[in-house]
Amino acid sequence: MSIPLSWYLILAATLFCIGLYGVLSRKNAIAILLGVELMLNAVNVNLVAFWRYLNPAEMAGQAFAVIVFAVAAAEVAVGLALIISVYRRQKTVVADEIDLMKW
Amino acid sequence: MSAEQILFILVGVVILGSALMVVTTRKLIHAALWLVVTLFGVAVLFTLLRANFLAVIQVVVYIGAIAILFIFAVMLTRREQMEKGRQTRPNWWIPALLGALILTGLVVLILNLPGAERTALALPEGLDPVRALGSALVSPKAYVLPFEVASVLMLAALVGAVYVATVDKK
Amino acid sequence: MNFLIWLLPLPPLLAFFAILLLTNKKNALSHWVAVGAAGLSWLGSMIVFIKALGVEEFGKHIFESSINWLPTGADWFRIGVQVDPLSAVVLFFVAWTVLAIFVYSIGYHNFGQPKGDHDIAGLQPHGATVEEHGHKHMVPSIEPMYARFFAFICLFAFGMYTLVLSDNLLTLFVGWEIMGLCSYLLIGFWYGKKSARDAAIKAFMTTRIGDVFMLLGIAFAYSFSGSLSFRDIFQPQMLQGLASTPAFFGLSAAGVIGLFLFIGTIGKSAQWPLHVWLPDAMEGPTPVSAMIHAATMVSAGVYMVIRMFPLLSIDPHTMTVVAVIGSFTALFAATIAVAQNDIKRVLAYSTISQLGFMIAALGIHAYVAAAFHLVTHAFFKALLFLGSGSVIHGMEHGVLHTGKHVDAQDMFNMGGLRRKMPITFWTFLIGGLALSGFPVLTAGFWSKDEILAEAFGNGHLVVFIILAAAAFLTAFYTMRQITLTFLGKARTNAAEHASETTWTMTIPLIVLAVFAVGFGWVGIPEHFPALGGLLPNWFHEFVGGTLAEQPEAVAFSWVPLITSLVVALGGLFVGWLVYRKVFSPAEDRLQIPLLKNKYYFDEIYNFLFVRPAYWVAETFSSLFMDQTVIDGFLHSLARFSLFLGNIFRNYFDKPVINEFFGDGTGNVVKASGSSLRKIQAGRVQYYMVISLVLLVIFAFLFYFLKRGM
């Protein structure tokens with residue numbers, strides 16, 4: 001017996017929700033980015049699973065996944081640069097303390 | 001229960017377990033390392049899905065570059081007192097609840113999806129996934145445009161990151 | 001000729017404007033302008049009069065000229081001038097007396113004298129100190145408002161000419177009112193004196209009462225006949241129509257109109273009961289008294305009645321009223337005149353009395369006699385007034401000379417003036433004899449005799465007796481006046497030092513005296529013993545022709561002749577007899593309070609009319625109605641709106657609109673803003689939680705909605 005598609009999808013969904021939890025509940029800004037990485041990975045899993053199960057001849061799924069890789073990399077680079085820059089100013093990386101754009 | 005399924009379940013447990021560790025562990029450096037484990041597990045998953053190239057890319061880019069970046073960032077922004085005390089915000093149960101709800105919703109959706117029970121078909125004869133992916137990425141009839149845009153995006157990210165992180169030298 | 005008639009009133013009017021606007025500051029120029037204007041009008045009047053004499057049956061071929069003036073629908077209202085026999089003789093005496101008075105005024109207001117020491121415009125001049133031969137003495141000073149006086153009398157002359165020459169009731173009324181105005185201005189000429197101001201108002205108000213009725217009469221006449229011109233009203237059919245239409249008070253229309261017009265005359269000619277203004281009008285300068293109260297204004301009232309005679313004579317009730325009032329006034333005023341001490345007051349009451357004669361004559365249909373007496377009276381009364389002015393001037397001179405201030409007008413301060421002021425004396429004597437009706441030689445005799453003859457001859461015995469009694473009193477008080485003033489010895493130092501007045505004053509006296517003597521001879525009745533028939537009764541022929549039917553001369557009778565001789569000569573003799581021995585008011589037995597105080601009519605009117613009028617104006621209208629009721633109402637309205645405003649402001653505007661809506665909205669926005677802004681916490685995870693919550697909610701909503709469908 002092979003693995004049903006739904007297993008992959010459920011796995012991806014769970015990974016996604018764990019990432020979401022991490023994003024929403026961690027204090028450290030870098031920890032939030034870790035959560036974002038988890039979510040992106042879940043998306044990738046989803047994409048590849050659909051590629052394999054629906055139409056492997058069509059490379060759209062993988063191409064999309066490649067793009068997601070690129071985006072994730074770029075985002076992490078910029079995000080970490082920002083966090084470091086903020087750390088230099090505010091001397092903190094706790095997300096709740098970086099609230100200058102409040103009312 | 002075939003071998004694939006057992007393998008899948010094992011990999012699944014690894015991935016989810018380490019993901020949980022990522023979001024709950026106290027020390028940030030540990031979280032980063034647990035992330036590496038998760039990424040490995042996802043790479044194995046890709047291999048299971050016959051996306052070999054992506055598995056390799058996952059390891060090289062994600063673990064080799066991004067996770068390293070994370071570790072650098074953690075080390076650069078370290079403070080002693082930061083890692084004492086709670087690492088999660090107060091009211092952490094809201095995101096937990098939210099996540100549970102969304103998970104429930106998604107699961108229900110997935111289970112009701114038509115064709116969710118299908119199994120993987122055999123790959124077509126003569127399909128070379130890597131070669132196909134390569135030509136898809138550069139073929140004008142295919143996905144060269146997103147590819148190029150992604151490169152521009154990377155350029156922008158590169159420039160932006162350098163600029164943001166530069167220290168003003170007076 | 002007709003064109004000339006239009007021009008006759010013009011010179012005085014132009015002189016009025018010229019003096020007021022141009023020559024106000026120059027005295028000599030002003031009086032030349034005025035006298036010149038009077039002279040021009042006199043010349044024109046003489047030409048017209050002589051031309052009129054030359055016309056055969058003038059009454060039927062009168063000079064007239066009229067123009068279309070007001071468009072009244074399909075027709076026109078015409079105004080114009082006319083000269084018929086009546087207005088010709090009236091024009092004659094108006095022209096002469098006006099000219100004489102104008103010339104007299106030059107001397108009266110002391111032209112050529114220096115300006116006074118303390119003279120102010122508005123008060124009588126008080127004399128100037130001159131240095132002569134080393135010692136100072138006072139001389140009469142020139143009137144400060146000299147030019148103004150001449151301007152006013154020019155306007156007055158204009159009014160009279162307009163009245164005499166008009167051919168319709170409207171312009172007659174215009175002239176009437178102009179003279180009313182001028183009498184106000186001139187009586188109150190010395191407006192600084194309170195008594196003069198009061199007298200002016202009294203004159204105007206009293207004549208006003210008459211004028212209102214007259215206007216009503218004119219309006220009634222117009223509404224009935226559609227025209228106001230004499231020719232139209234005196235058409236036989238029109239008169240018939242007026243006579244047969246019944247109107248108010250049981251009279252016919254003609255009677256009512258006549259009665260109302262007559263009431264105007266009662267006011268203007270100072271008949272009882274509206275006589276109270278004339279004695280007070282003596283406050284004005286003497287030329288004014290002569291003009292208004294002898295020559296022109298009061299005669300205008302009589303002239304108007306004579307003019308409207310065809311209308312008046314229709315209704316016997318109106319004629320009775322006329323005769324009663326006339327004869328009563330004649331006797332009434334004569335009784336008051338005997339107790340007056342002021343030289344001008346005597347003459348004032350004498351005027352009222354003589355006017356009563358004329359009115360009574362008209363009341364008994366003695367048309368020609370009334371007109372005759374009007375003309376002769378104008379001459380001798382003007383003469384008497386001007387003479388009294390001359391006397392007062394002489395006395396003033398004496399007052400200034402002696403320095404002691406006595407009333408220059410009180411006869412009991414005079415005496416023996418015939419030696420000091422001969423011309424004045426003789427002319428005054430002539431005038432006084434004319435007034436008394438001295439036989440043959442004076443004009444007054446002929447006219448008065450004719451009235452008495454008409455009264456007796458037509459059987460109006462009551463009128464005859466009353467008029468005869470009045471004539472006796474007239475002669476009596478006239479002689480009293482002459483005796484006290486001119487005869488005997490001077491009773492005060494001022495009288496001792498009186499002197500004759502200048503030629504500008506005495507020449508007019510002489511001229512008027514000539515007329516006072518001679519004018520009577522144009523009206524000698526045909527059947528008069530000895531003298532009748534020597535001269536034709538020109539006056540009767542001429543003036544009688546004015547009416548449609550020539551009135552018949554009354555048959556001669558000895559009774560009225562003897563009566564008039566007796567009363568005239570007797571009155572003169574008794575007056576001289578009594579008063580040559582009287583030297584002070586205490587000795588004068590006729591100083592009865594009732595007579596001296598004019599039967600208390602002034603006090604009665606004051607009580608009956610003046611005080612209530614003041615009460616209505618001051619207390620009722622002003623204080624009660626105006627201030628308390630109306631102002632009170634307005635104030636309470638204002639207070640109410642203030643109160644309402646307060647309520648609206650404090651109970652609605654502020655709490656509801658300001659605070660609830662205005663501030664409230666602001667506060668709500670502020671509060672909601674200040675609470676809602678806390679959403680923007682600046683914490684990213686917080687934002688994400690919120691958006692995910694909403695996402696979940698919407699996802700559930702959509703899912704279940706989809707499921708439901």
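Convention: sequence-line order gives letters A, B, ...; per-chain numbering from 1. Treat the numbers as computed from the prediction; the structure is a model and nothing was measured.
The residue among A:Gly61, A:Pro4, A:Ser25 with the most heavy atom pairs within less than 4.5 Å of chain B is A:Ser25. Interface remark: of the candidates A:Ile83, A:Leu80, A:Leu82, A:Leu80 forms the most heavy-atom pairs closer than 4.5 Å to chain B. Ranking B:Ala156, B:Pro95, B:Ala157 against chain A, the residue ahead of the rest is B:Pro95, based on heavy-atom pairs under 4.5 Å. Contacts with chain A were tallied for B:Leu137, B:Leu106, B:Val107, B:Leu16; B:Leu16 has the most, counting heavy-atom pairs under 4.5 Å. Interface summary for chain A: among B:Leu54, B:Ile102, B:Val22, B:Ile57, the most heavy-atom pairs under 4.5 angstrom belong to B:Leu54. Put simply, of A:Val45, A:Ile32, A:Leu40, the one with the most heavy-atom pairs under 4.5 Å next to chain B is A:Val45. With chain A as partner, the option from B:Ala136, B:Ala73, B:Ala32 having the largest number of non-hydrogen pairs under 4.5 angstrom is B:Ala73.
If you take CG on A:Leu38 and CG on B:Leu35, they are separated by 5.5 Å, rounding to the nearest 0.5 Å. Atom CD1 in B:Ile15 sits 6.5 Å away from atom CG in A:Leu15 (nearest 0.5 Å). How far CD of A:Glu37 is from OH of B:Tyr62: 4.0 Å, rounded to the nearest 0.5 Å. To the nearest 0.5 angstrom, B:Ile9 atom CD1 is 11.0 Å from A:Leu11 atom CG. Atoms CG and CG, from B:Leu28 and A:Asn28 in turn, are 4.5 Å apart once rounded to the nearest 0.5 Å. In this structure, CG on A:Asn41 lies 8.0 Å from OG1 on B:Thr38, to the nearest 0.5 angstrom.
Closest approach of B:Tyr143 to A:Ala63, counting heavy atoms only: CD1-CB, 3.8 Å. Here the shortest heavy-atom pairing between B:Gly99 and A:Cys17 reads O-SG, 3.5 Å. Residue B:Ala165 comes nearest to A:Ala81 through the heavy atom pair CB-CB, 4.1 Å, listed as atom of the first residue, atom of the second, then distance. Closest of all the heavy-atom pairs between B:Leu76 and A:Tyr87 is O-CE2, 3.6 Å. Closest approach of B:Val23 to A:Gly22, counting heavy atoms only: CG1-CA, 3.5 Å. Taking each heavy atom of B:Ala31 and A:Arg26 in turn, the nearest pair found is CB-NH2, 4.3 Å.
Looking at A:Glu75, there are no atoms closer than 4.5 Å to chain B (heavy atoms on both sides), in backbone or side chain. Interface residue B:Leu98: only side-chain heavy atoms are found under 4.5 Å from chain A. Contact of A:Ala29 with chain B is not made at all, since no heavy-atom distance falls under 4.5 Å. Of the atoms belonging to B:Ser151, not a single heavy atom falls under 4.5 Å from chain A. Neither the backbone nor the side chain of B:Ala65 comes within contact range of chain A; no heavy atom of the residue lies under 4.5 Å from a heavy atom of that chain. Contact annotation for A:Leu20: only side-chain heavy atoms (C-beta onward) come within less than 4.5 Å of a heavy atom of chain B. In this structure, chain B has no heavy atom under 4.5 Å from any part of A:Phe64. Both the backbone and the side chain of A:Leu33 come within contact range of chain B, each with at least one heavy atom under 4.5 Å from a heavy atom of that chain. Heavy atoms closer than 4.5 Å to chain B are found in both the backbone and the side chain of A:Ile10. Residue contact with chain A, scored on non-hydrogen atoms closer than 4.5 Å, is absent for B:Leu158.
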message: Does B:Leu113 form a side chain to side chain contact (heavy atoms under 4.5 Å, CB included) with A:Leu9? I'd like the steps, not just the answer.
response: CA-CA 11 Å; B:Leu113 205 60; A:Leu9 297 183; 4.3 Å; yes

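Residues B:Leu45 and A:Tyr8 are in side-chain contact: their nearest non-hydrogen atoms beyond the backbone lie under 4.5 Å apart. Side chains of B:Trp34 and A:Leu34 form no contact here, defined as non-hydrogen atoms less than 4.5 Å apart. Proximity of A:Asn44 to B:Val42: side-chain heavy atoms (C-beta onward) are nowhere separated by under 4.5 Å. Under the 4.5 Å side-chain criterion, counting only non-hydrogen atoms from C-beta, A:Val71 is in contact with B:Leu153.
Under a 3.5 Å cut-off, the side chain of A:Arg52 and the backbone N or O of B:Phe46 do not form any donor-acceptor pair.
The environment of B:Arg131 atom CZ is sparse: at most 12 non-hydrogen atoms of other residues, nucleotides or ligands sit within 6.0 angstrom.
Taking the six-membered ring for Trp and thresholds of 30 and 60 degrees, B:Phe8 and A:Trp7 have ring planes inclined between 30 and 60 degrees apart.
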